Structures are given as C-alpha cells and as structure tokens.
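Read through the structure below, which is laid out as structure tokens, and then see the notes.
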Amino acid sequence: MEFLQPGTWAEALQMKAEHPEAVPIQGGTDVMVELNFDRRRPGHLLDLGRVRDLAEWAPAGGQIRLGAGVTFTRVIDELAGPLPGLAMASRTVGSPQIRNRATVGGNLGAASPAGDAHPPLLASCAVVEVESVRGTRLIPAAEFFTGVKRNALRPDELICAALIAPAAGPQQFCKIGTRNAMVIAVAAFGLALHPDSRRVGTGIGSAAPTPRQATAAQEFLTRALAADGLWESRDTLPDTLVARFADLVADAAAPIDDVRGSARYRVHSLSVMARRALAWAWSDYQRM
Ligand SMILES: Cc1cc2nc3c(=O)[nH]c(=O)nc-3n(C[C@H](O)[C@H](O)[C@H](O)COP(=O)(O)OP(=O)(O)OC[C@H]3O[C@@H](n4cnc5c(N)ncnc54)[C@H](O)[C@@H]3O)c2cc1C
C-alpha cells in the first residue's frame, strides 16, 4: 500500500487527481477500523493530517466555514455558541479519545446513515464544499448523501469544508442508543428553529438509507407557526400541532430492522424525539 502524505491542500488535490482510487484518511477512526478488519485494502492511502488549512474554522460571508479536519472535540470546545445543534451531536460521538481524532469531514466522507453530524447539518441547511483540481462545488447537505455510506463526491474530489449558518434560534439534537455512550445511534433527530427566516429545519439519522430531512414535517411547522402568529406571540404550542409535527417526522423515516433496533421502534422513537426536541426548542425560544 502506498502512503501519500501531502503537506498542502493543492498537493492533496493533485495527488487525488493522479490517484482517484486513493482513500483519504483524516482522523482514521473509520478508515483504520476498515483496514484492521480487512474490509478494505486500497492501493493508496491519502493522509490529510498534514494539511493544516483543513483543521481550521472561520467566519466566512456570514457563515461558519468548518474545515473538514476539525475534530468533534473542537466543535464542542469552540463552536457550541454558534453551532449548538452540531455541538450537541458532537458530545454524543464515541468517547473522548474518538472525539479527539474524529472529524466532521470524516463523518461526511463515511456518509453512514447513523453519522451523528448529519442531522444537525441537515437541520441547519449546511452546504458541503468539495474541491478537485477541476474546481469547487457547493453541495447542499440534503443532496450530499446518495445511498448507504455513499455520497456525492466524484473520484477526484475531496471535502474541504462545511458551510453552516450560525444559529439564529434554538437547536436540539436527540439520539437513542442501546446505552448512553460509545454507541451508534438506533435513531437520531436534529431540529433547528430559524426565527430570522421564519423557517424550521430537521434532520433524521439512522432511520433511512441516508440521513434525510423530514421535509413535510418542517414545511408543516413552518406554515403553522406563521399562520398562527406564533413566532411573534411565542405562545405555548398547541398539543395538536406538536403531535402532527411528530407524526410527520416519523412518516419521513424508511428504516430497517437490524441488530440495533427494529424498524417499528425507530419510527416510534423518532416521533418521541421530534415531540421532545420541539418542546425544548420552543421553550428556549420563549425565553430568548
Ligand atoms: C469506537 C468508535 C466509536 C464511534 N462512535 C461514533 C458515534 O458515536 N457517532 C458517529 O457518527 N460516528 C462514530 N464513529 C465513527 C467515526 O468516528 C466517525 O464517522 C468520524 O466522524 C470519522 O472521522 P475521521 O476523521 O476519523 O474519518 P476517517 O476515518 O479518516 O475517514 C472516514 C471516511 O471519510 C473519508 N474522508 C475523510 N476525510 C475526507 C475528505 N477530506 N474528503 C473526502 N473524504 C474524506 C475517508 O476516506 C473515509 O471513507 C465511531 C468510530 C469508532 C471507532
């Protein structure tokens, strides 16, 4: 196996262009497991650990540009204010050791339906910035996941960053696992209230072949909050509205039975998480 170790982003893109089959490795918390279990034996590994730009985040054009190599620990320590949903999700990833190595870019690269970064990125309508020697593409998170562990990257492209709007309102992330820590989600749900644009964003994890938005649920709630003047009044949400939102979130799932949970349980747990996330987020909004 050839080990490629670019020192700059330009070199990384050049190497990926020359070896499109090369497997990028960032924190290695997915890639090394696959190598250790002999699930993968690539001809080339492309180590991105020395590309310093990737490990940076910065405000850019009113958004946070989160480099693909920023770890979950740094999201928690440095970005819990502007990106509360992603920080909540980051706290649930693996263990401290995993969070110190594992990155948001690696989560996107792996594109697991259970990746914990995905629901908050979907709820915030984040955009994935990918690049090759041919140029840059901006892919909305909602279009990035194309199948089980598949994403929209072309063979010569690398993920350079996620562009995420700083929270204008409350955000929540809920995850159900078979225990409290070191656990892959049985189901997960992310919610973002956007009072500035009077919109609601959602993201479902581990309950469909890809992470996805609960489109009908977010459209229903966006319409209902506007029609009833609730953004302005901040009144308590009617139970019927919350229940309908939860039902629509559950309807958006297309889960399977597997070792972690049954499809039926996943659908049920999503409706419970949706109800709770909305209640918590709305209560935060009433106090804002
Ligand atoms: C013990 C353990 C517990 C875990 N718990 C969780 C959990 O609770 N929640 C969760 O979501 N995940 C969990 N994971 C999975 C893993 O930690 C995450 O998916 C993590 O985000 C991967 O990041 P990484 O930097 O280590 O990626 P890597 O392993 O380096 O790469 C992951 C994938 O992304 C690709 N890739 C990496 N960087 C790029 C790039 N810049 N451009 C294109 N492709 C790229 C790689 O080729 C690979 O396919 C766990 C893993 C372990 C071993």
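Numbering of ligands and ligand atoms starts at 1, following listing order. Note that the structure is predicted; figures quoted are calculated from it, not measured.
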*Mind listing the closest non-hydrogen atom pair of Ala22 and Leu46 along with its distance?*
CB-CB, 4.3 Å
*Name the closest protein heavy atom to atom 32 (C) of ligand 1, giving the residue it belongs to and the distance to 0.1 Å.*
Gly106 O, 3.4 Å
*Could you tell me which atoms of ligand 1, counted from 1 in the order shown, lie closer than 4.0 angstrom to a heavy atom of Val183?*
8 (O)
*Ionic contact status for Glu157 with Arg137, cut-off 4.0 Å*: yes
*asked:* How far is atom 41 (N) of ligand 1 from the closest protein heavy atom, and which atom is that?
replied: Ile159 O, 3.0 Å
_atom 38 (N) of ligand 1: nearest protein contact (heavy atom, Å)_ = Gln26 CB, 3.8 Å
*asked:* Below 4.0 Å from ligand 1: does a non-hydrogen atom of Lys175 turn up there or not?
replied: yes
_Check this for me: Arg198, atom CZ, are more than 12 non-hydrogen atoms of other residues, nucleotides or ligands nearer than 6.0 Å?_
yes
*So is Val104 polar-close to ligand 1, meaning N/O to N/O under 3.5 Å?*
no
*Under 4.0 Å from any heavy atom of Gly115, which atoms of ligand 1 are there?*
11 (O)
*Would you please determine whether Leu54 falls within less than 4.0 Å of ligand 1 on a heavy-atom basis?*
no
_What protein heavy atom lies closest to atom 26 (O) of ligand 1? Include the residue and the distance to one decimal._
Thr29 OG1, 2.6 Å
*Would you call Arg41 and Asp38 a salt bridge, taking side-chain N to carboxylate O under 4.0 Å as the test?*
yes
*Is there at least one pair of N or O atoms, one from Glu157 and one from ligand 1, spaced under 3.5 Å apart?*
no
*Polar contact flag, side-chain donor to acceptor under 3.5 angstrom, Thr210-Arg212*: no
*Atoms in ligand 1 flagged as close to Met182, the criterion being non-hydrogen separation under 4.0 Å*: 1 (C)
*Begin from the C-alpha positions of Ser262 and Arg266 and carry the test side chain to side chain donor-acceptor pair (under 3.5 Å) through to its verdict.*
CA-CA 6 Å; Ser262 65; Arg266 288 185 153 106; over 6 Å; no
*Would you say ligand 1 has an N or O under 3.5 Å from any N or O of Gly105?*
no
*Selected option - heavy-atom contact closest to atom 3 (C) of ligand 1, from Gly69, Gly94, Gly27*: Gly94
*Which atoms from ligand 1 have a heavy atom of Thr92 less than 4.0 Å away?*
8 (O)
*asked:* Within ligand 1, which atoms have a heavy atom of Val23 less than 4.0 Å away?
replied: 47 (O)
*What protein heavy atom sits nearest atom 49 (O) of ligand 1, and how far off is it?*
Arg40 NH1, 3.6 Å
_Are Gln14 and Pro6 packed together at the side-chain level, in the sense that at least one heavy-atom pair is separated by less than 4.5 angstrom?_
no
*Output yes when the distance from some N or O of ligand 1 to some N or O of Met32 is under 3.5 Å, and no in every other case.*
no
*How close do Ala224 and Leu241 get, heavy atom to heavy atom, and via which atoms?*
CB-CD1, 3.6 Å
_Enumerated ligand 1 atoms positioned under 4.0 Å from heavy atoms of Leu153_ = 43 (C)
*Distance to 0.1 Å, residue and atom name: give those for the protein heavy atom nearest to atom 23 (O) of ligand 1.*
Thr103 N, 3.3 Å
*Are Arg234 and Tyr285 in a cation-pi contact, defined as NZ or CZ under 6.0 Å from the six-membered ring centre and within 45° of the axis?*
yes
*With a cut-off of 4.0 Å, which atoms of ligand 1 are near a heavy atom of Val93?*
6 (C), 7 (C), 8 (O), 9 (N)
*Would you say Phe72 and ligand 1 have an N/O pair spaced under 3.5 Å apart?*
no
*asked:* Whether the Thr146 and Asn151 side chains hold a donor-acceptor pair (N or O, under 3.5 Å, no angle test) is what I'd like checked.
replied: no
*For the pair Thr202 and Gln218, evaluate side chain to side chain donor-acceptor pair (under 3.5 Å) and give the outcome as yes or no after the intermediate values.*
CA-CA 6 Å; Thr202 59; Gln218 62 195 30; 2.6 Å; yes
*Among Asn151, Ile25, Asp116, which residue places a heavy atom closest to atom 7 (C) of ligand 1?*
Asp116
With a 3.5 Å cut-off and sequence neighbours excluded, list the donor-acceptor pairs that the side chains of residues 80-89 form with protein atoms.
none

*To which protein heavy atom is atom 36 (N) of ligand 1 closest, and what is the distance rounded to 0.1 Å?*
Pro24 CB, 4.0 Å
*Any ion pair linking Arg65 and Glu56 (charged N to carboxylate O, less than 4.0 Å)?*
no
*Got the closest protein heavy atom to atom 52 (C) of ligand 1, with its distance?*
Ile98 CD1, 3.7 Å
*With sequence neighbours left out, what residues match Ala263 under side-chain contact (heavy atoms from CB on, under 4.5 Å)?*
Pro255, Asp257
